[in-house]
Amino acid sequence: MTTDSKTIAGDAAPFIFPTRVYWEDTDAGGVVYHAQYVAFLERTRTEWLRAGGYAQERLRQTHDLVFAVRSMRLDFLRPARLDDLLQVSARIHECKRASVVFAQSIERDGEVLLTAEVKVAALRASTFKPVGLPDTLYQEFRRLESPGRPL
């Protein structure tokens with residue numbers, strides 16, 4: 001599991017966040033409900049930011065900055081089930097001044113269950129209007145960019 005800020009700041013390797021599938025994540029058949037995958041992806045991006053020293057509440061208070069999902073492309077390949085231990089990954093695919101595209105995946109024991117491309121917009125928290133990323137954050141995100149093929 002990659003969770004320390006040195007690792008995140010040091011290279012463009014994907015951040016991995018483990019998560020367990022609980023009863024509330026599944027449908028009556030014990031299979032993860034499709035919308036729950038979105039929550040797994042969101043938590044991983046949030047924890048990636050936190051591990052890098054950019055907790056979302058701190059960004060809101062310090063820079064009047066929030067992120068909002070602008071678009072999302074999901075490819076469901078295999079189902080996850082009750083009690084599965086999943087590895088959810090996130091890496092920056094592309095960073096622009098006011099938006100970031102993340103390449104993400106969800107795996108179980110090395111088997112890819114889902115791939116996703118998630119574009120988030122940087123917004124001023126007080127107005128919800130687009131805003132450029134703070135320079136330090138923008139430079140770090142650009143350095144971590146892996147523009148090759150998405151996951």
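In this text the structure is predicted, and so the values were computed from the model without any measurement. Hydrogens, waters and symmetry mates are skipped; everything else that's a heavy atom, side chains included, is used.
Interatomic distance, D135 CG to E140 CD, rounded to the nearest 0.5 Å: 12.0 Å. From F15, atom CZ reaches atom CG of L144 across 12.5 Å, with rounding to the nearest 0.5 Å. In this structure, CD in E111 is found 9.5 Å from CG in D84, a value given to the nearest 0.5 Å. If you take CZ on F102 and CD1 on I92, they are separated by 5.0 Å, rounding to the nearest 0.5 Å. We find the CG-CD distance between L86 and E107 to be 10.0 Å, quoted to the nearest 0.5 Å.
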Test V31 against T26 for side-chain contact (heavy atoms from CB on, under 4.5 Å), laying out the working first.
CA-CA 5 Å; V31 174; T26 65; 5.8 Å; no
Where do T115 and S105 land on the side-chain hydrogen bond (donor to acceptor under 3.5 Å, both in side chains) test, with the steps shown first?
CA-CA 4 Å; T115 59; S105 70; over 6 Å; no
Test salt bridge (Lys or Arg N to Asp or Glu O under 4.0 Å) on R81 and D25; report intermediate values, then the result.
CA-CA 9 Å; R81 292 185 164 75; D25 301 323; over 6 Å; no
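Tracing side-chain contacts under 4.5 Å through hydrophobic residues (I, L, V, M, F, W, Y), one reaches F40 starting from L74; they form part of the same cluster. Y37 and L82 are not part of a single hydrophobic cluster, where members link through side-chain heavy atoms under 4.5 Å apart. Residues V112 and L85 are members of separate hydrophobic clusters, defined by side-chain heavy-atom contacts under 4.5 angstrom among Ile, Leu, Val, Met, Phe, Trp and Tyr.
Looking at residues two or more places apart in sequence or on another chain, you find a side-chain contact (heavy atoms from CB on, under 4.5 Å) between V69 and E42, R45, M72, V118, V120. Partners of E94 according to the side-chain contact (heavy atoms from CB on, under 4.5 Å) rule, which considers only residues two or more places apart in sequence or in another chain, are K96, V101, E145.
Judged purely by atom type and a 3.5 angstrom limit, R20 uses its side chain to pair as donor or acceptor with the backbone of D83. A donor-acceptor contact shorter than 3.5 Å is absent between the side chain of R78 and the backbone of L114.
Atom CZ of R70 has 12 or fewer heavy atoms from other residues, nucleotides or ligands within 6.0 Å.
Contact record, K119 with S99: CE-OG, 3.7 Å, taken as the closest heavy-atom pair. Across every non-hydrogen atom of C95 and R142, the tightest pair is O-NH1, 3.1 Å.
Between V66 and L59, the closest side-chain pair of non-hydrogen atoms is not below 4.5 Å. Residues R97 and Y138 are in side-chain contact: their nearest non-hydrogen atoms beyond the backbone lie under 4.5 Å apart. Taking the side chain as every heavy atom from C-beta outward, Q61 and E57 approach each other to under 4.5 Å. With a 4.5 Å cut-off on side-chain heavy atoms, L65 and L133 count as touching.
Only one option out of F67, F141, F17, Y54 pairs with W48 in a ring-ring contact (aromatic ring centres under 6.0 Å, His included); it is F141.
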For residues 122-131, which side-chain donor-acceptor pairs fall under 3.5 Å, sequence neighbours excluded?
residue : atom : partner : partner atom : Å
S126    : OG   : D64     : OD2          : 2.7
T127    : OG1  : K129    : N            : 3.3

